[in-house]
Amino acid sequence: MKTDWNHLIDNLFRGDRASLARVITHVENREPGWSDAMKRVSQNISPAHVIGITGSAGVGKSTLTSAVANNLADRGYRIGILAIDPSSPFQGGAFLGDRIRMQSANVRDEIFIRSMATRGETGGLCQPARDVVRLLKASGKTMVLIETVGTGQDEVDIHQIVDCVCLVCAPGLGDGIQALKAGIMEIASVFVVNKADREGSDTLAADILSMQRLSSDSESPAAPLYKTVASTGNGVDELVTGLLDRMNRNSRPDNRGHETVKAEIRYLLEKMSKDFLNRKLDESQILEQMIGHKKPEAVDPYTTAEELFQRIFKHAAAPDH
């Protein structure tokens, strides 16, 4: 059945939850018409803060995200939560199902939760995740929370699409040193020591503050640190107040926004080029014709790739060596 994009998007703009869920599904699956739909959505985006919540497995990101969302809803915000889960190795879908761990937030009208798989993307984010952020904004959400997988220090793509990165740590999980490594630490706008009622929380907080003093520019203020017990709500109100104050005082510079948009355009161009290349190779069978019945060891992949490039992209220059 053909998707009635116009009807769905009209309802999405009015804040209809069912239409928002359906549009996200259609866009994530790249169903026919998704690109034109996103063009229309991109012209009707409302302002909204975007907070990234990341950290190692077991630190309580989902519980904290739920607590932060409820606190923001109590303050009058309309919340969209995008929970990025690892991909299932069999079906490619979201594996953990963060909505199960956000029961209290999931029942509120002011809060919309969506789980999404990484789809194997390095950095923890896939392009459809960026699309979903736009859809959430277009539906009238005034605050978007993105909870990422955050399993490694190099998974730092989250900072490209958020206004504030909240790095969550917890004592007793062996992640203290990992959290303090350069890659993930440098993108943190705010540090949170969650499960602060556990032994070792004071030591972890002191380690974070020490590392900041050693690694940060003396002219740049250190990122604030908060202690929370998300399961009980302790410290969450102070954290949310600090996040809102930080974002209201430090709006994203225009050049940062431009760099973010340029990075996304590059990504989309790379994906379009890859799809075009694969389609041409499949349609023409040119690769099979060039290799023919040669033995694998007789094929020069470098020369073959250059010749294919020239034949498919007829007016393009040869790739750099």
Side-chain angles (χ1 to χ4, degrees), residues 49-77 79 81 83 98 101-102 104-105 111 142-148 150 153 155-156 158-159 162-217 220-252:
H49 286 307
V50 184
I51 300 174
I53 299 177
T54 190
S56 302
V59 298
K61 295 191 299 291
S62 294
T63 305
L64 182 64
T65 300
S66 177
V68 168
N70 278 304
N71 188 286
L72 287 167
D74 290 340
R75 297 175 186 232
Y77 287 89
I79 320 299
I81 299 176
D98 277 306
R101 300 195 298 276
M102 298 182 188
S104 63
I111 301 174
T142 53
M143 185 72 69
V144 177
L145 307 180
I146 305 177
E147 182 202 331
T148 74
Q153 71 186 80
E155 297 197 353
V156 297
I158 182 66
H159 86 284
V162 303
D163 304 306
C164 179
V165 176
C166 185
L167 176 58
V168 187
C169 308
L173 297 175
D175 71 329
I177 296 176
Q178 177 71 18
L180 302 179
K181 290 184 178 179
I184 193 71
M185 185 173 181
E186 289 174 356
I187 68 167
S189 309
V190 170
F191 288 91
V192 177
V193 174
N194 192 33
K195 304 182 181 181
D197 53 343
R198 293 187 176 182
E199 183 179 354
S201 62
D202 290 339
T203 300
L204 177 57
D207 288 343
I208 293 172
L209 293 173
S210 296
M211 288 299 296
Q212 284 198 87
R213 284 194 293 270
L214 290 172
S215 61
S216 64
D217 186 339
S220 302
L225 184 147
Y226 298 90
K227 291 184 177 181
T228 62
V229 183
S231 58
T232 64
N234 288 349
V236 172
D237 193 65
E238 292 82 358
L239 169 61
V240 172
T241 297
L243 288 169
L244 292 174
D245 180 64
R246 187 174 185 84
M247 288 185 293
N248 288 330
R249 285 188 294 107
N250 302 309
S251 59
R252 173 177 291 204

> Between Glu238 and Tyr226, what is the shortest heavy-atom contact and its length?
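Shortest heavy-atom contact: O-CE2, 3.6 Å.
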> Short question: side chain of Asp245, backbone of Thr241 - any donor-acceptor pair under 3.5 Å?
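Flag not set: sc Asp245 to bb Thr241 has no pair under 3.5 Å.
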> As a test of understanding, state which of Cys166, Cys169, Pro224 forms a side chain to side chain contact (heavy atoms under 4.5 Å, CB included) with Val192.
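Option passing the side chain to side chain contact (heavy atoms under 4.5 Å, CB included) with Val192: Cys166.
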> Applying the side chain to side chain contact (heavy atoms under 4.5 Å, CB included) test to Val193, which of Leu225, Val168, Thr228 qualifies?
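Exactly one option meets the side chain to side chain contact (heavy atoms under 4.5 Å, CB included) with Val193, and it is Leu225.
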> Determine, stepwise, if the pair Leu244 / Tyr77 fulfils side-chain contact (heavy atoms from CB on, under 4.5 Å).
CA-CA 11 Å; Leu244 292 174; Tyr77 287 89; 3.6 Å; yes
> For the residue pair Asp163 and Arg246, establish whether any side-chain heavy-atom pair is separated by less than 4.5 Å.
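No, their side chains stay 4.5 Å or more apart.
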> May I have the step-by-step check of side-chain contact (heavy atoms from CB on, under 4.5 Å) for Ser62 and Glu147, ending in yes or no?
CA-CA 7 Å; Ser62 294; Glu147 182 202 331; 3.0 Å; yes
> On a heavy-atom basis, which atom in Leu243 and which in Cys164 lie closest, and how many Å separate them?
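That would be CD2-SG, 3.6 Å.
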> Please list all pairs passing the salt bridge (charged side-chain N to carboxylate O under 4.0 Å, His left out) test where one or both residues lie in residues 63-75, with sequence neighbours left out.
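Qualifying pairs, neighbours excluded: Asp74-Arg108, Arg75-Asp237.
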> I need the minimum non-hydrogen distance between Val68 and Leu239, along with the two atoms involved.
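Smallest interatomic distance, heavy atoms only, reads CG2-CD2, 4.1 Å.
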> Taking atom types as modelled and ignoring hydrogens, do the side chains of Thr63 and Ser231 form a donor-acceptor contact shorter than 3.5 angstrom?
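Judged by distance alone, the side chains do not pair up.
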> For Leu145 and Leu72, what are the C-alpha separation, side-chain angles and deciding distance, and is it a side-chain contact (heavy atoms from CB on, under 4.5 Å)?
CA-CA 11 Å; Leu145 307 180; Leu72 287 167; 4.2 Å; yes
> Could you state the interatomic distance from CD1 (Ile53) to CG (Leu167), rounded to the nearest 0.5 Å?
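Ile53 atom CD1 to Leu167 atom CG measures 11.0 Å (nearest 0.5 Å).
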> Which atom names give the shortest non-hydrogen contact between Ile81 and Ala69, and what distance separates them?
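The answer is CD1-CB, 3.7 Å.
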> State, with a plain yes or no, whether a side-chain heavy atom of Ile111 is found less than 4.5 Å away from one of Asn70.
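A side-chain contact exists here, since the closest heavy-atom pair is under 4.5 Å.
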> Closest approach of Lys61 and Gly55, non-hydrogen atoms and distance?
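Heavy atoms of Lys61 and Gly55 come nearest at NZ-O, 2.9 Å.
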> Mind checking side chain to side chain contact (heavy atoms under 4.5 Å, CB included) for Thr232 and listing every partner two or more places apart, or none if nothing turns up?
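For Thr232, the residues satisfying side chain to side chain contact (heavy atoms under 4.5 Å, CB included) (neighbours in sequence not counted) are Val229, Asn234.
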> Would you check if the side chain of Ser201 reaches a backbone N or O of Asp197 as a donor-acceptor pair within less than 3.5 Å?
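No, because the side chain of Ser201 does not come within donor-acceptor range (under 3.5 Å) of the backbone of Asp197.
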> For Arg198, enumerate each residue passing the side chain to side chain contact (heavy atoms under 4.5 Å, CB included) test, keeping only those at least two apart in sequence or located in another chain.
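For Arg198, the residues satisfying side chain to side chain contact (heavy atoms under 4.5 Å, CB included) (neighbours in sequence not counted) are Pro171, Leu173, Lys195.
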